[in-house]
Structures are given as structure tokens and as C-alpha cells.
Amino acid sequence: MTKKILILPGDGIGPEIVAEAVKLLDCLRADFGLEIETETALVGGAAYDDCGSPLPESTLDLAKAADAVLLGAVGGPKWEPLEIALRPEKGLLGLRAGLGLFANLRPAILYPQLAEASTLKPEVVSGLDIMIVRELTGGIYFGQPRGVETLASGERRGINTLVYTESEIERICRVAFEAAMRRGKRLCSVDKANVLECTELWREVAIRVGRDYPEVELSHMYVDNAAMQLVRAPKQFDVMVTTNMFGDILSDAAAMLTGSIGMLPSASLNADNQGMYEPIHGSAPDIAGKGVANPLATLLSVAMMLRYSLAAPEHAERIEQAVSKVLDRGLRTGDIASPGTETVGTAAMGDAVLEAIRAAAA
Ligand SMILES: NC(=O)C1=CN([C@@H]2O[C@H](COP(=O)(O)OP(=O)(O)OC[C@H]3O[C@@H](n4cnc5c(N)ncnc54)[C@H](O)[C@@H]3O)[C@@H](O)[C@H]2O)C=CC1
Ligand SMILES: CC(C)CC(=O)C(=O)O
Ligand SMILES: [Mg+2]
């Protein structure tokens, strides 16, 4: 049956990297029989400028009706501060919440060809393959009360609240334990249970859920130590599970172990395995419009979409192998190039992936 994909280019480099993903989907449809239909809509700053809302109802409705959503990135200096494009009731967070996408899977895998681009020594990262499972619709990004209020003294006070219910913790832990069962059977739950009651509860629930997965070795780590361990000896980790904000931060750090944030895809899933797929990076205003952004995280997000939401793992493999091929050929966007070496732009990298897919099938 034909699957519906909603494409949300967003802001900044979003449209540039998503254009490469659209070329890829068109190629899989035309040349490899992938049965999909796509539709494009506005989100983020682009939507705000168009109709005054960063998440128009029509976009949310289309997203709900789609089998999968592909997002570029949203936001940028034009819409700051407390970005309109990212607000919890609207924008990107509203979209994640509106679709119930509580489970964010962020695989940090080092392509061996990029060992030199990693911030760590090749021997420390060789074979790196971590799955970060981040809770995505709760925690401090969504908790109430929030805001900035003025006290009687006239001084202002900013408030955000870290809040998780047991059921929210339980469902994300189950996703993480299931992932660990499919992988190396090791799960590290990252919290700050020494000072935050909310994450003390997180740890307690993780232990309770773990009783259903006796084959998985469960460990716990405070987030400050986890950040340090990630850049000291990252291969100690198989699956990590953590809160919305801790996962946001740790996955950006993990990205650099693989060479660049431009390499990390993600899948955000709800209870029905409907998913939104996006690179983990943002709209990169500093390089937007220059045609130099790395599109590989977005193309690898398409691969995740094919695997998790479209039941087409053979196409996902085509993409992953093609990415490996172009890296073998030495093609590098600026973010993954060694200093002084030649680089290619966004479109040339996207074209090379398509070429590699077609060549593999010839
Ligand atoms: N999912 C989303 O839509 C996200 C949106 N944002 C928003 O994006 C805007 C910029 O945020 P930043 O903190 O600067 O984070 P960012 O991830 O956009 O950029 C951080 C650094 O990484 C580089 N970078 C990011 N993606 C790249 C790519 N594909 N290729 C090469 N280099 C890349 C950028 O040039 C920049 O130097 C803000 O408005 C922020 O709120 C940030 C994170 C996620
Ligand atoms: C709205 C932010 C939480 C976006 C972000 O940084 C992310 O999801 O990685
Ligand atoms: Mg982030």
C-alpha cells in the first residue's frame, strides 16, 4: 500500500538538506519501486512568517494523517528569544507532543572512514555504535509552571519545571530495554538522582522495568559523569536512556565522536510506531543559504524512516551502504573534512549518494 510522507523543510539549512532527501525518495520511488506519496508543508519560522503560527493546524493535521514525517530543522535568530519556532504549545515541541512522539532514538555510529574527523583518537572511537534513547515529550522542556514572572520586589524570576510521571518514565524505559535486547543487552540509565527527586523516581522506575528484562545489564550514571565518560571512553555504552534535556545535550556531544553533528539521524516514535525523522542538528543559521551543510544526517534519517515506519529495511540498507560508499570515495562536506582537503557542497554530496545507490543496483 502506498505510504504517505509529510515533508517539513523548516528553516535555515532545513530546506537545503531536505531537498537532498526528496531527491533520494524520488529516486527510490522511480527506480526501486518504493510506494510512497509525498506532501510538503510549512513549520517553524517559515510557517510563522506565512500565517502567524509556527505550527499551523493544517500542518499538524497532515502530520497526523501521514505514515511518517521528515523534518529538516526549525528556528533561527529571526524568531528568538524563547523561540517561536520551538515553543511547547506550538512549533517543533508542539508537533512532537501533538503526534505523541515520546521516544527519540539517536544512534551515534562512527563510519570508519571518518575516524580522523572524530574529536577523539581513532583507537578510542573505532567501532563506536551507541543508541541514545531520549524521552521527547516530557521533562523540563514541557513542565509546568514555566515562564518569567515579576516578583513584588520588581525583580524577575524565571521558572521551568522538571516533571515526569511514572508512566512516562516506564514507557521510555521499555523502548530502551527493547532496543538493548536487539543490540548488546547493556543499558545505562542517565539521571541526576543525587539531587533531583524527579530523576530519583526515574532511577526507581528504570530498575522496576528492568525486572522484565533480566537479560539486559542495567547500570545507572549521573549525567555529569555520563558526559565525561562519553568523551573519555564512549565504547563502554551500548544503549543509553535519559530525560528530554539530558538526551538533547548528550546526543550533541556524542555526535562529535562520529565526526560531526551533520552525521547523526534520529527517529521520534509514538506508541503506534508512527514516526517523525530528523537530523539531530538545528537550522545552522551560520551556514544557511551557502549550500555547504552536510545532508548525510538527513539522508540517514530517511533510512531510519524506511526501517521504522515504512517497513522497507532493504531501502534503508541501500542508503546506509551508499553513504559508506561516498565516504570511501573521499567525498567530504566541510564539517567532516580534514583541514586543507577538498570539500563538496550539500547538493554534490546528495547526488553522490544517489549515484552510489544506482551504481550498487546496476
Ligand atoms: N530540531 C530542530 O529543529 C532544532 C533546532 N534548533 C534551532 O536551530 C538554531 C541554531 O541552533 P544552534 O544551537 O546553532 O545548533 P545547530 O545544530 O543548528 O548548529 C550548531 C553548529 O553545528 C553546525 N551544523 C549543524 N548542522 C550541520 C550540518 N548539517 N552540516 C554542517 N554543519 C552543521 C552549525 O553550522 C553550527 O556551527 C536555533 O534557532 C535552535 O533553536 C536547534 C536544535 C534542533
Ligand atoms: C527544541 C529543541 C529541544 C530542539 C533540539 O535541540 C533537539 O531536539 O535536539
Ligand atoms: Mg538538540
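Every number for a ligand or one of its atoms is a count from 1 in the order of the listing. Computed from a predicted structure; not experimentally measured.
Of the heavy atoms in I13, only side-chain atoms (C-beta onward) come closer than 4.0 Å to ligand 1. Of the heavy atoms in P295, none comes closer than 4.0 Å to ligand 1. No part of M245 comes within 4.0 Å of ligand 2, judged by heavy-atom distances. The proximity of L92 to ligand 1, defined as any non-hydrogen pair under 4.0 Å, is limited to the side chain.
Atoms of ligand 2 lying under 4.0 Å from at least one heavy atom of R106, given by number and element, are 7 (C), 8 (O), 9 (O). For ligand 1, the atoms sitting less than 4.0 Å from at least one non-hydrogen atom of E278 are 1 (N), numbered in the order shown with element in parentheses. Near G76, meaning under 4.0 Å from any of its heavy atoms, are these atoms of ligand 1: 39 (O). Against a heavy-atom cut-off of under 4.0 Å, A73 is close to the following atoms of ligand 1: 3 (O). The contact set between ligand 1 and D286, taken as ligand atoms under 4.0 Å from a residue heavy atom, comprises 34 (C), 35 (O), 36 (C), 37 (O). When each atom of ligand 1 is checked for a heavy atom of G75 under 4.0 Å away, the hits are 39 (O). With ligand atoms numbered from 1 in the order given, ligand 1 contributes 22 (O), 24 (N), 25 (C), 26 (N) to contacts under 4.0 Å with heavy atoms of I261. Remark: ligand 2 atoms within the under-4.0 Å shell around heavy atoms of R134 are 3 (C), 7 (C), 8 (O), 9 (O). For ligand 2, the atoms lying closer than 4.0 Å to a non-hydrogen atom of I280 are 9 (O).
When V43, D11, V74 are checked for heavy-atom proximity to atom 3 (O) of ligand 1, V74 turns out nearest. When the heavy atoms of A284, G282, S283 are ranked by distance to atom 9 (C) of ligand 1, first place goes to S283. If you check each of D335, T298, N294, I287 against atom 33 (C) of ligand 1, the one with the closest non-hydrogen atom is I287. In this structure, of D248, N244, L93, the residue bringing a heavy atom nearest to atom 6 (O) of ligand 2 is D248.
Considering backbone and side-chain atoms alike, Y141 places every N or O at 3.5 Å or more from each N or O of ligand 2. Residue contacts with ligand 1: G262 is placed with no nitrogen or oxygen under 3.5 Å of a nitrogen or oxygen of the ligand (distance criterion only).
Checked for salt-bridge contact, E170 and R174 meet the test: a charged N lies under 4.0 Å from a carboxylate O. Look at R29 and D26 and you find a salt bridge, because one of the NZ, NE, NH1 or NH2 atoms lies within 4.0 Å of a carboxylate O, short of that distance. With salt bridges taken as basic N to acidic carboxylate O contacts below 4.0 Å, one links R307 and E320.
Sequence neighbours left out, not one pair with a member in residues 254-312 passes ring-ring contact (aromatic ring centres under 6.0 Å, His included). Among residue pairs with one or both ends in residues 149-200, those qualifying as ring-ring contact (aromatic ring centres under 6.0 Å, His included) are Y164-W202, F177-Y213; sequence neighbours excluded.
Using a 3.5 Å distance cut-off with no hydrogens or angles, the side chains of T150 and E155 do not pair a donor with an acceptor. Between the side chains of D11 and W79, not a single donor N or O lies within less than 3.5 Å of an accepting N or O. If you check the side chains of S268 and N104, you find a donor sitting under 3.5 Å from an acceptor. Between the side chains of D248 and Y141, at least one donor N or O sits under 3.5 Å from an acceptor N or O.
The shortest distance between side-chain heavy atoms of M256 and M263 does not fall below 4.5 Å.
When all heavy atoms are compared, the tightest approach of N244 to T137 is ND2-N, 4.1 Å. Smallest separation of non-hydrogen atoms from A66 and Q274: O-NE2, 2.8 Å.
Around the Mg ion (ligand 3), the protein N, O or S atoms found under 2.8 Å comprise D248 OD1.
Residues satisfying the salt bridge (charged side-chain N to carboxylate O under 4.0 Å, His left out) criterion with D129, sequence neighbours excluded, are R183.
For the pair T242 (side chain) and R134 (backbone), a donor-acceptor distance under 3.5 Å is absent. A donor-acceptor contact shorter than 3.5 Å is absent between the side chain of R203 and the backbone of S189.
Residue contacts with ligand 1: A293 is included, with a non-hydrogen atom under 4.0 Å away.
Rounding to the nearest 0.5 Å places CG of L264 at 11.0 Å from OG1 of T298.
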